[in-house]
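Below you'll find the structure, written out as structure tokens, and then a few comments.
Residues: numbered from 1 along the sequence shown. Excluded from the calculations below are hydrogen atoms, water molecules and symmetry mates; all remaining heavy atoms, backbone and side chain alike, are included. First listed ligand is number 1; within each ligand, the first listed atom is number 1.
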Amino acid sequence: MYAPANVKTGKDFPIPDTMKAWVLGNPGELTLTEKPVPVPRQAEVLVRIDAVAICATDLDNIYHGPPAMIEGGPPFNKNWTPGHEYMGTVVALGPGVDEYRIGERVSVEIHAGCGQCKRCREGMYTSCLNYGLNYGDVNKGHRANGFTTDGGFCEYQVNHINTLVSIADEMSDEEATLVVTAGTAMYGLTELGGLVAGESVVVTGPGPIGLLGVAVAKAMGAYPVILTGTRDNRLKIGLELGADHVVNVRKENVVEAVKRLNGGKGVDYVLECSAAADAVNEAVYMVNRGGKVCLAAFTHEKTPVDIAHIVRNNIYLYGIRGEGKSATHRAEAFMRQKRFDATKIHTHTFALDDLPTALRYAKDRVDDAIKVVVKARGVAIHKVAAE
Ligand SMILES: [Zn+2]
Ligand SMILES: [Zn+2]
């Protein structure tokens with residue numbers, strides 16, 4: 001029975017000594033194994049994972065490696081468990097924790113910075129200067145579960161209390177996994193200045209962050225909000241989440257369309273979520289002079305950028321990493337108040353044992369998959385032989 005010293009547990013939530021956990025071998029190779037249930041330390045809790053959403057970044061980590069970094073290098077063959085967009089129930093408290101109680105439902109954000117570097121001290125913990133330094137002689141205690149430490153494709157995980165967001169009782173497990181997605185969009189708009197009420201915003205790319213970017217921008221009062229993309233079915237979901245206009249970039253010139261829809265002058269802000277090859281140039285052509293562009297997606301190739309246009313027009317470019325500045329708390333507040341229905345982007349749920357199938361659905365967009373969730377309990381296992 002799980003009973004580590006100085007850790008509080010509750011009789012309503014018995015904890016086993018070992019748990020199911022997926023681990024990454026070579027690129028793309030995942031194996032279901034048993035691991036010891038981890039033990040929370042000072043300022044940490046143990047979370048029983050109730051649902052995990054798959055993110056495009058999980059696919060980067062699993063197939064390519066970065067941005068995951070384990071023991072200073074690629075994450076392959078290190079007994080590492082990926083997965084980072086999870087929610088669950090607090091089932092054990094490490095020493096000194098009274099901020100959360102056993103039985104409380106929480107969503108998690110990813111980055112617990114080291115807490116001591118310059119960026120952490122500035123509140124920019126997703127840009128911690130000690131990223132991935134949590135081993136050997138250079139251990140700074142940095143954690144980014146599912147990137148630099150074990151993640152959520154398992155049954156239990158430890159989380160620093162700074163990474164927890166308490167969620168409303170009425171919020172389903174599946175919806176709660178989307179708090180971090182909405183939080184990323186919220187962080188992007190925060191970095192752009194946060195004052196988007198009455199300002200024009202284009203969101204490029206109707207993936208999960210883009211679609212919730214539309215919802216968050218609209219909830220913050222932006223007008224008009226224009227969503228651009230290639231798939232009409234995704235653009236339709238954008239309209240349901242509050243977009244005032246949508247543009248299918250295969251049917252018309254996207255820069256001209258955006259200008260036409262906003263009185264000819266271009267927009268104040270672009271939230272770039274498409275990772276399309278020419279996305280940065282299109283974004284800087286869409287904003288007006290002095291406009292701001294947030295880059296929330298990335299390509300694997302380097303791309304030429306029209307620097308002259310950026311300089312001559314005093315355009316600001318921001319890269320963002322993750323869901324910083326406690327944006328998840330603000331996103332959860334919008335979701336709690338039902339300012340938008342994030343569940344419109346949740347399309348599939350599989351059992352934890354069926355993770356390879358779930359990843360395939362997410363990667364190949366099988367059956368128009370957008371957000372695919374896996375759950376350790378309450379979902380029938382359907383292992384597909386070929387996987
Ligand atoms: Zn993610
Ligand atoms: Zn730090």
Side-chain angles (χ1 to χ4, degrees), residues 43 49 51-69 72 75 81-87 107-135 138-153 157 159-160 162-163 165 174-188 205 207-213 216 271 273-275 295-298 319-328 331-332 342 345-346 355 358-359 361-363 369-374:
I49 297 171
V52 199
I54 294 168
C55 171
T57 314
D58 288 316
L59 302 171
D60 280 317
N61 293 338
I62 290 168
Y63 287 91
H64 304 285
M69 189 166 84
T81 299
H84 60 273
E85 298 187 355
Y86 60 93
M87 60 72 60
S107 188
V108 306
E109 58 182 284
I110 295 124
H111 300 259
C114 72
Q116 63 194 33
C117 74
K118 178 178 177 176
R119 293 292 173 239
C120 281
R121 296 279 291 155
E122 291 172 344
M124 291 182 71
Y125 50 88
T126 64
S127 303
C128 175
L129 300 179
N130 289 321
Y131 184 84
L133 295 185
N134 49 24
Y135 61 95
V138 294
N139 190 351
K140 304 292 182 188
H142 174 269
R143 285 191 76 94
N145 284 1
F147 288 89
T148 67
T149 45
D150 272 348
F153 293 139
Q157 199 46 271
N159 272 83
H160 194 282
N162 289 356
T163 65
V165 186
E174 287 80 355
E175 183 174 6
T177 65
L178 301 170
V179 167
V180 70
T181 314
T184 303
M186 178 71 82
Y187 180 46
I209 294 173
L211 287 168
L212 293 189
V216 171
L271 186 60
C273 305
S274 74
L295 306 174
F298 57 89
I320 60 156
R321 173 71 194 271
E323 59 306 297
K325 305 245 173 100
S326 298
T328 51
E332 196 277 340
I345 70 165
H346 165 243
L355 179 65
L359 287 168
Y361 269 62
K363 181 165 161 283
I370 306 179
K371 266 299 186 193
V372 180
V373 168
V374 296

Does the side chain of Glu109 come under 3.5 Å of the side chain of Tyr125 through a donor N or O and an acceptor N or O?
-> yes

Within the distance-only criterion (no hydrogens, no angle test), does the side chain of His142 pair as donor or acceptor with the backbone N or O of Gly132 below 3.5 angstrom?
-> yes

Asn134 side chain to Thr148 main-chain N or O, any donor-acceptor pair under 3.5 Å?
-> yes

Closest N/O/S atom of Glu85 to the Zn ion (ligand 1), by atom name?
-> OE2

Within less than 2.8 Å of the Zn ion (ligand 1), any N, O or S from Asp58?
-> no

N/O/S atom of Cys120 inside 2.8 Å of the Zn ion (ligand 2), strictly under | yes

Do any N or O atoms from the side chain of Thr163 and from the backbone of Val108 form a donor-acceptor pair under 3.5 angstrom?
-> no

At the Zn ion (ligand 2): angle between Cys117 atom SG and Cys114 atom SG, to 10 degrees | 110°

